[in-house]
Amino acid sequence: MQERPDLSLRCVSLLGRTGRFLRSPVVLAVLSVAAGLGQAEAQVTEKVPPAVETMPGAGVIGQPRRVTLEENRSRKRHQGDWGAFNWGNGEFAGFGPVGVYGVAPWAEDWSSKKDPRNYTDFLDPLKAIRLNESGSIWLSLSGESRIRNWYESSPMLGTVNRRHSGRFTVRNLLGADLHLGPHWRIFGQLNNGEAAGWNYYGYNATWRRRLGVQQLFVGYERKLFGAKTGVMVGRQQFLDAPSWLVYMRETPNVPLSWNGVRGYALWNRIRLDLYNFVATQVTRDTIMGGGFDDGTRLYGGNVGIALRPFAIGGEQVHSFLDLFWMGFRDEGKTAAVARYKGSEAGTQTRQNGGFRWYGSAPSFEYELGGVYQGGRFHPGTSSIASRPVSAWAVRGVLGWRHSSSFLHPFLGVQAEAYSGGDNRRKEGTVGTFSAPFSPRNGTFDLTRTIARANIVSAGPLASIAPRPFMNIRIRVPYLWRESMNDGLYNSSSPFSFLSGPKLRQAGRAVGLQPQGQVQFQLQQHVNWQIDGGAILLTHRMRQAGGKNGTYMLSTLTLRF
């Protein structure tokens, strides 16, 4: 058993080491607090969005409050010119959600800040630095520092032999977006991370990282055939997929990034996207390192449609439909197939065909999605024949929102199902769904204890925003296994305790997973979020070897 260090000394040491690499995000964001809350806001006469929408999340429950049309196009939001796809958080434009800030910094449009008369924050001069007299060449700087404390009573259902685990992580990102005239840009971003704690577990190169290149690409954009058309070549984030299928690796310190080419075209109500990527290698921690992971690939295309508004119950509904085809290849632990006892390593190639349909009206919102996976699994042992893949997933969120009330409540239900297979079979079809590329955790399981494979989840969710800077969310799903002949999965492998005869003895029901979150957008640059919850397994699951657990996270994010 490890001795528990003096946490305060450990934190000071970590912050000191981290600061040698990337001080700017922390220093600038702290200075913003000292400068006072909203010192320039009085100059803005337009209707601005509430503070909780400073950096909106993906999906329906990512939006604490409804943003009106006037708020949506405020100078305090920095979406691009995406036509009808600017509705709401702009997520359906294909670059991730964007408010004041975006998940991808290069998706933010700060061009208006080239004119000092448009300043609304004392750090705005850093967002659009003129490099020539006309302003056609300009630089935008961005940064983020995230400090997170964890506590878990029985991590990973008790399977990692760490009771009362505490983890402390620090992540820093620093970016620069150089615009060379109206068409060309070069975006670069550096990353580093530190991790420590007591009784901790699971740290690898995605947690502890020396200064490295997170993103570096060249972009070209211009009007072509009436569309805003562009191409991006190099290392980049990719967010044009359902966030429950592919996202940006939220939990560890090193976000997910890809190397390759992406092309897009946006008309007012239709858009196209094509891409071909190789993953960024994170297994080697070298200064400025992180080469290509040739064994992990992502490729495909997307057609997005901003549907014409229609009416339900006398209310106008704005909706978006995405039709996508996505192929991927991965190997190692994430590609392993569970056996009756143990697992079979190998390589998998899967083709995903699916859709997502999102709609919002004044008093309700919904999001529906589904995907079918075909492909092949190639066992690591050459003497065993490859196996076909046939898997599926469906997901839906439906909720009522009352934007005009004091609490701005959102009350709804979320249900999702991910197919399982038959671990008794050593040949034939593989039926377990696979989502290996860091889907968004906040809409499912923030701790990544239970993965989207052989699981059915359904339950109520609620959100209130009693103050413009505050949001409270509660979600209480109940979990079942989709197949009694398949086990329970964590983010990288099946749980070993649920195998052999226990597959059926443990029953179909898994248990209850209540989750809660309180978020404070203290100031434009400072966000504090507290998450907590529990995993309460059924009696038969505990008999099989699983353990109940609780967790709590405190996350302080400084951003500019």
Side-chain angles (χ1 to χ4, degrees), residues 55-60 62-63 72 77-99 101-109 177 185 187 215 217-249 255-277 298-307 318-328 352-360 367-369 371 437-440 443:
M55 188 172 178
V60 172
Q63 311 315 305
N72 182 264
R77 291 170 73 87
H78 299 287
Q79 298 176 358
D81 182 13
W82 301 325
F85 296 99
N86 282 111
W87 181 267
N89 66 2
E91 177 184 355
F92 278 80
F95 308 117
V98 179
Y101 303 110
V103 177
W106 46 261
E108 304 161 9
D109 180 4
D177 196 356
R185 75 188 308 178
F187 179 82
Q215 299 187 71
F217 67 83
V218 176
Y220 180 80
E221 188 174 81
R222 69 176 305 144
K223 279 281 188 180
L224 189 64
F225 303 114
K228 187 174 186 177
T229 306
V231 62
M232 302 160 61
V233 181
R235 181 169 297 178
Q236 57 194 273
Q237 283 181 292
F238 177 72
L239 298 167
D240 192 10
S243 61
W244 51 270
L245 189 60
V246 177
Y247 210 50
M248 51 83 73
R249 197 155 50 206
L256 189 65
S257 66
W258 299 92
N259 306 273
V261 59
R262 174 186 182 184
Y264 58 87
L266 288 98
W267 290 268
N268 184 49
R269 306 194 73 88
I270 298 176
R271 67 179 186 87
L272 303 175
D273 199 344
L274 297 172
Y275 52 92
N276 188 8
F277 295 124
L298 184 72
Y299 48 90
N302 195 325
V303 177
I305 306 170
L307 300 173
H318 289 264
S319 65
F320 301 88
L321 176 65
D322 272 359
L323 304 174
F324 63 88
W325 167 75
M326 180 176 68
F328 66 77
N352 302 262
F355 76 97
R356 57 174 175 168
W357 180 33
Y358 164 75
S360 66
E367 184 176 23
L368 302 173
V371 61
F437 301 133
S438 304
R440 185 166 183 248
T443 60

Can you give me the closest heavy-atom contact between [X] and [Y], atom names plus distance?
| X | Y | answer |
| --- | --- | --- |
| Gln215 | Pro105 | NE2-CD, 4.5 Å |
| Thr229 | Ala265 | OG1-CB, 3.9 Å |
| Trp244 | Gly369 | CZ2-C, 4.1 Å |

Discussion item. I'd like to check the side chain to side chain donor-acceptor pair (under 3.5 Å) partners of Arg269; sequence neighbours left out, ordered by chain and number.
Written reply: none

Discussion item. Checking Asp177 now: which residues fulfil side chain to side chain donor-acceptor pair (under 3.5 Å) with it, not counting sequence neighbours?
Written reply: His179, Arg185

Go through the structure and list residues passing ring-ring contact (aromatic ring centres under 6.0 Å, His included) with [X], not counting sequence neighbours.
| X | answer |
| --- | --- |
| Tyr264 | Phe95 |
| Tyr275 | Phe238, Phe277 |
| Trp267 | none |
| Phe328 | Phe437 |

What distance do [X] atom [atom1] and [Y] atom [atom2] have between them, rounded to the nearest 0.5 Å?
| X | Y | atom1 | atom2 | result |
| --- | --- | --- | --- | --- |
| Leu298 | Asn259 | CG | CG | 11.5 Å |
| Glu221 | Lys228 | CD | NZ | 4.5 Å |
| Ser243 | Glu367 | OG | CD | 6.5 Å |
| His78 | Tyr101 | NE2 | OH | 7.5 Å |
| Asn72 | Asn86 | CG | CG | 6.5 Å |
| Ser319 | Tyr358 | OG | OH | 10.0 Å |

Using side-chain contact (heavy atoms from CB on, under 4.5 Å) as the criterion, list what pairs up with [X], not counting sequence neighbours.
| X | value |
| --- | --- |
| Leu323 | Leu321, Phe355 |
| Ala104 | Trp106, Ala107, Gln237, Leu239 |
| Asp109 | Ser111 |

Fill in: Exam field: side chain Gln63 to backbone Gly57, donor-acceptor pair closer than 3.5 Å
yes

Worksheet, complete the sentence: salt bridge (charged side-chain N to carboxylate O under 4.0 Å, His left out) filter on Arg271, not counting sequence neighbours, yields Asp240, Asp322

Worksheet item: Which residues pass the salt bridge (charged side-chain N to carboxylate O under 4.0 Å, His left out) test with Glu108, sequence neighbours left out?
Response: none

Worksheet entry | Working for side-chain contact (heavy atoms from CB on, under 4.5 Å), residues Val371 and Phe324 | CA-CA 9 Å; Val371 61; Phe324 63 88; 4.2 Å; yes

For a 4.5 angstrom cut-off between non-hydrogen side-chain atoms, does [X] reach [Y]?
| X | Y | result |
| --- | --- | --- |
| Met248 | Val103 | yes |
| Asn89 | Val98 | no |
| Asp273 | Arg262 | yes |

Item to complete: Any pair with a residue in residues 78-99 that passes salt bridge (charged side-chain N to carboxylate O under 4.0 Å, His left out), sequence neighbours left out, goes on the list, sorted by first then second residue, please.
Response: Glu91-Arg356

Practice prompt. Test Phe217 against Phe187 for ring-ring contact (aromatic ring centres under 6.0 Å, His included), laying out the working first.
Written response: CA-CA 6 Å; Phe217 67 83; Phe187 179 82; 5.7 Å; yes

Response to the item:
Which of Phe85, Trp87, Phe320 passes ring-ring contact (aromatic ring centres under 6.0 Å, His included) with Phe92? It is Phe320

